Engineer: 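Would you mind keeping the following structure in view while I ask a few things?
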Amino acid sequence: MAVHSISTLSLVLCFSSIIFLLFSSHAQALKYCDKNANYAVKVSGVQILPDPVVRGEPFTFKIAAYTGEPIASGDLVYQISYVGIEGPPATFLHDLCEEVPCPVTAGNFVLTHTELLPPVTPPGTYNVKLNFKDHNDKQLTCIIFPFKIGAKSSVSAI
């Protein structure tokens, strides 16, 4: 009986470790631009599909967030930079209403942003800085999170 209990416990611990590793490997290290700011929009997570991103193919950021007040409209500025390389980031400006139905009601919502990077984009780790402002230019949130671009490309060399 004691052997059966130890085997069951080992199996449960092993299964729990596998589940933890699967979830932690897909979790994105999300941080706020200013850890002391009291942003009106709180971000709870970022999902990137596919992960890693494939060069020359569309990829999507799904950003889970919460607002205590409705948001009529706003601007989202995505700045993408290669980790460890100095230089200006690639900047993409989008209207909030392109990524979530407007007006955004108070409560939980998901921003969905799809982008296509050129097939010549170098593989590696990148950072995204998302600055979100309302229509009065009031900053609602600012986050930074990493993502990876894989080595394979959907475009073959001729």
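Residue numbers run from 1 in the order of the sequence given. All of these numbers come straight from a predicted model, not from anything done at the bench.
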Engineer: Determine, stepwise, if the pair Ile149 / Val54 fulfils side-chain contact (heavy atoms from CB on, under 4.5 Å).
Structural biologist: CA-CA 6 Å; Ile149 296 180; Val54 177; over 6 Å; no

Engineer: Using 0.5 Å steps for rounding, measure from the CZ atom of Phe132 to the SG atom of Cys33.
Structural biologist: 13.5 Å

Engineer: Looking only at heavy atoms, what is the nearest atom pair of Val41 and Ala65, with distance?
Structural biologist: CG1-CB, 3.8 Å

Engineer: Taking the side chain from Asp34 and the backbone from Asn36, do they hold a donor-acceptor pair closer than 3.5 Å?
Structural biologist: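 Between the backbone of Asn36 and the side chain of Asp34 there is a qualifying donor-acceptor contact (under 3.5 Å).
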
Engineer: Any idea which heavy atoms bring Cys142 and Asn131 closest together, and the distance?
Structural biologist: CB-OD1, 4.2 Å

Engineer: Measuring from Gln47:CD to Thr60:OG1, what's the distance to the nearest 0.5 Å?
Structural biologist: 9.5 Å

Engineer: Do Phe59 and Phe147 have their ring centres less than 6.0 Å from each other?
Structural biologist: yes

Engineer: To the closest 0.5 Å, what do you measure between CG (Asp134) and CD1 (Ile71)?
Structural biologist: 7.5 Å

Engineer: May I have the list of side-chain donor-acceptor pairs in residues 77-97 shorter than 3.5 Å, sequence neighbours left out?
Structural biologist:
from: Tyr78; atom 1: OH; to: Glu99; atom 2: OE1; distance (Å): 2.6
from: Tyr82; atom 1: OH; to: Pro123; atom 2: O; distance (Å): 2.9
from: His94; atom 1: ND1; to: Glu98; atom 2: OE1; distance (Å): 3.0
from: Asp95; atom 1: OD1; to: Cys97; atom 2: N; distance (Å): 2.8

Engineer: Where do Leu140 and Tyr39 come nearest, in terms of heavy atoms and distance?
Structural biologist: O-CB, 3.1 Å

Engineer: Hey, what do you get for CG (Asn108) to OG (Ser44), rounding to the nearest 0.5 Å?
Structural biologist: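 If I round to the nearest 0.5 Å, the distance is 7.0 Å.
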
Engineer: Can you tell me if NZ on Lys62 sees more than 12 non-hydrogen neighbours from other groups inside 6.0 Å?
Structural biologist: no

Engineer: Quick one: are Thr112 and Phe61 in side-chain contact, heavy atoms under 4.5 Å?
Structural biologist: no

Engineer: If you take all heavy atoms of Asp137 and Lys133, which pair is closest and at what distance?
Structural biologist: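 Heavy atoms only, the tightest pair is OD1-CD, 3.2 Å.
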
Engineer: Check the pair Val43 / Thr141 against side-chain contact (heavy atoms from CB on, under 4.5 Å), numbers first and verdict last.
Structural biologist: CA-CA 8 Å; Val43 176; Thr141 200; 4.2 Å; yes

Engineer: If hydrophobic clusters are built by linking Ile, Leu, Val, Met, Phe, Trp and Tyr wherever their side-chain heavy atoms come under 4.5 Å apart, do Ile48 and Ile144 end up in the same one?
Structural biologist: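 Different clusters: Ile48 never reaches Ile144 through Ile, Leu, Val, Met, Phe, Trp or Tyr contacts under 4.5 Å.
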
Engineer: Between Gly150 and Arg55, which heavy-atom pair has the shortest distance, and what is it?
Structural biologist: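 Closest heavy-atom pair between Gly150 and Arg55: O-NE, 3.7 Å.
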
Engineer: Grouping I, L, V, M, F, W and Y whenever their side-chain heavy atoms are under 4.5 Å apart, do Tyr66 and Tyr32 come out in a common cluster?
Structural biologist: no

Engineer: Side-chain contact test, heavy atoms from C-beta onward, threshold under 4.5 Å: evaluate it for Ile63 versus Ile143 and give yes or no.
Structural biologist: yes

